[in-house]
Amino acid sequence: MAHDGTATQNDRTDSAVGTYAVLGPGGVGGLLAALLAQAGHRVICLAREETASALRTSGIRVRSGAFGDFTASVEADTQLREPVDACLIAVKHTALDASLARVPAAVLGDALLVPFLNGVEHPVALRARYGPDGVAPAAIRVESTRTAPGEIVHGSPFAEIDLTGDPVPRARLEALAAVLTEAGPVTRVRDDETATLWAKMAFLAPLALLTTRYRAPVGEIRAHHRDELTALVEETIAVSRACGGPGDAAQAVTRYESFPPDTKSSMLRDAEAGRPLELDAIGGALLRAASRHDIPVPVASRLVGELGEG
């Protein structure tokens, strides 16, 4: 799949061409938009006018060791104005409410809405707004950064997606998973939405809270805050188990050991850039779930409070 050049629909050979909207063509959304366009699909990026204008003019340029360096032509607008097969939501939680104005429910219709969002609470809100049968939450494992409008650097050697959605017909999920996998990211359909979202939350929350609180990459957290990391993982796993998610604290700690020492969470990168933090979507959601199940989480509570003060 990797090649230099501009994507056209002639690149698509294995299945029908679809039309996909991407709300938030940043690091993750921009990569997915470019890969779908490179695979021959019609892609409409939804963003502010400044970004939309840049994408219409120059497309999306990707630098990726896994997928190659290429430029993909996409359409761009400030609002969805026509039906699509699916709309991928790749904005930060802090911008979600304002960004959803770009996707009117009446225009979206029965298209799949696929949020690539941190946290566990967003499916309920999205289903209240768009209906229960078409929201298919996804979790993505990737390191991808937008360096400028339409400029994406994909730094990880992988891009993997877990696609779920308990009320969504399995055939719809499988069809979208096939499209995404053919475009590049290995995509698996998961049966249990709650377990899928909490699997990501149980991994993300300790990494995000500790790296951001101490303004340090994971290597420094392992070296200088190991007891705190272990305690926070145990708290998070306890909440995850109570909510129906995975529950192996030792395995979670082992995963952090495998990370390169300079690994930073997206929340830390936001803090370093002066952007709003997804503190409520990650830390706040963790504390609310702990409260519902009467699980004490003193380390998480302290970290959330200290980050909120800062």
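As a basis for the values below, the full set of heavy atoms in this structure was taken, side chains included, without hydrogen atoms, waters or symmetry mates. Everything quoted here is computed from the prediction, not taken from an experiment.
- Between Glu193 and Arg127 there is a salt bridge, since a side-chain N of the basic residue sits under 4.0 Å from a carboxylate O of the acidic one.
- Not counting sequence neighbours, the partners of Ala242 by the side chain to side chain contact (heavy atoms under 4.5 Å, CB included) test are His293, Ile295.
- Ion pairing between a basic and an acidic side chain is recognised when a charged N comes within 4.0 Å of a carboxylate O; Glu82 and Arg42 show such pairing.
- The pair Arg226-Glu257 meets the salt-bridge criterion, since a charged nitrogen lies less than 4.0 angstrom from a carboxylate oxygen.
- Between Leu197 and Pro137, the closest side-chain pair of non-hydrogen atoms falls below 4.5 Å.
- Ionic pairing of Glu143 and Lys264 is not present here: no N-O contact between side-chain nitrogen and carboxylate oxygen is shorter than 4.0 angstrom.
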Which pairs of donor and acceptor atoms, one on a side chain in residues 277-288, lie under 3.5 Å apart (sequence neighbours left out)?
| residue | atom | partner | partner atom | Å |
| --- | --- | --- | --- | --- |
| Glu278 | OE1 | Asn118 | ND2 | 2.8 |
| Glu278 | OE2 | His93 | N | 2.7 |
| Asp280 | OD1 | Arg288 | NH1 | 2.9 |
| Asp280 | OD2 | Arg288 | NH2 | 3.3 |
| Arg288 | NE | Glu121 | OE2 | 2.9 |
| Arg288 | NH2 | Glu121 | OE1 | 2.8 |
| Arg288 | NH2 | Asp280 | O | 3.3 |

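- Residues Arg141 and Phe203 fail the side-chain proximity criterion, which asks for heavy atoms closer than 4.5 Å.
- What you find for Ala16 and His41 is that their closest heavy atoms are O-CE1, 3.6 Å.
- At a threshold of 4.5 Å between non-hydrogen side-chain atoms, the residues Leu210 and Arg213 do not count as touching.
- Think of Leu23 as one node in a network of Ile, Leu, Val, Met, Phe, Trp and Tyr side chains linked at under 4.5 Å; its network also takes in Ile44, Leu46, Leu80, Val84, Ile89, Val91, Leu96, Leu100, Val103, Val107, Leu108, Leu113, Leu117, Leu126, Tyr130, Val135.
- Under a 4.0 Å N-O distance rule, the pair Asp270/Lys92 qualifies as a salt bridge.
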